[in-house]
Amino acid sequence: LNGVPLRRMNQAYVIATSTTVDISKVSIPEKINDAYFAKATAAKAKKSEGEFFGKKQAKEADKDRVADQKTVDAAILDAVKKVPQLKNYLATSFTLTKGQYPHEMQF
């Protein structure tokens, strides 16, 4: 919908709205749980001078995670399409200007 990857989000970065989407019929794969979102820890090796100043390699997305993302997106987009204008509402960027407070707004 808006390019947001499947990840766990801190509630401090989320604004609650009165908009509801019926996701009771959406099936999420069983493997998507707390362990799915845990960071993989790798043993840190001491870097040599060449590695320290060299270019960093870009991380590539795991093919399984990309497939999981597409599965979840398809299921949720079907639920979003059932609510009129919700797709456009979610795609708009949210900004605040001076004097606007999110806790005083009603969405």
Going by the rule side-chain contact (heavy atoms from CB on, under 4.5 Å), which residues pair with [X] if we only count those two or more places apart in sequence or in a different chain?
{"X": "Pro84", "result": "none"}
{"X": "Asp64", "result": "Asp62"}
{"X": "Val83", "result": "Leu86"}

>> Filter on ring pair (Phe, Tyr, Trp, His ring centres under 6.0 Å), then keep only pairs touching residues 60-88, sequence neighbours left out; what's left?
In response: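 Output for this query is empty, none listed.
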>> Applying ring pair (Phe, Tyr, Trp, His ring centres under 6.0 Å) as the test, list every pair that has at least one member in residues 64-95; sequence neighbours left out.
In response: Phe94-Phe107
>> Taking salt bridge (charged side-chain N to carboxylate O under 4.0 Å, His left out) as the definition, give me every residue that meets it alongside Lys31, ordered by chain and number, with sequence neighbours left out.
In response: Asp68
>> I'd like to check the side-chain hydrogen bond (donor to acceptor under 3.5 Å, both in side chains) partners of Thr97; sequence neighbours left out, ordered by chain and number.
In response: Gln100
>> Restricting to side-chain hydrogen bond (donor to acceptor under 3.5 Å, both in side chains), what partner residues turn up for Gln11, sequence neighbours left out?
In response: none
>> According to salt bridge (Lys or Arg N to Asp or Glu O under 4.0 Å), does anything in residues 4-13 pair up with another residue at least two apart or in another chain? List the pairs.
In response: Arg8-Asp34
> Going by the salt bridge (Lys or Arg N to Asp or Glu O under 4.0 Å) test, which pairs reach into residues 96-107, not counting sequence neighbours?
Replying inline: none
> So how far is it from Ile76 CD1 to Ile28 CD1, rounded to the nearest 0.5 Å?
Replying inline: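 It comes to 5.0 Å.
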> Linking Ile, Leu, Val, Met, Phe, Trp and Tyr through side-chain heavy atoms less than 4.5 Å apart, which residues share a cluster with Val14?
Replying inline: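 Noted: Val14 shares its cluster with Met9, Tyr13.
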>> If you define the side chain from C-beta out and look only at heavy atoms, does anything of Leu6 sit under 4.5 Å from Ile32?
In response: yes
Pairs under 3.5 angstrom only: tabulate donor-acceptor contacts from the side chains of residues 20-27 to other protein residues two or more places apart or in another chain.
unit_1 : atom_1 : unit_2 : atom_2 : d
Asp22  : OD1    : Ser24  : N      : 3.3
Asp22  : OD1    : Ser24  : OG     : 2.8

> Are any side-chain N or O atoms of Asn33 and backbone N or O atoms of Tyr36, one a donor and one an acceptor, separated by less than 3.5 Å?
Replying inline: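 Judged by distance alone, yes, a pair lies under 3.5 Å.
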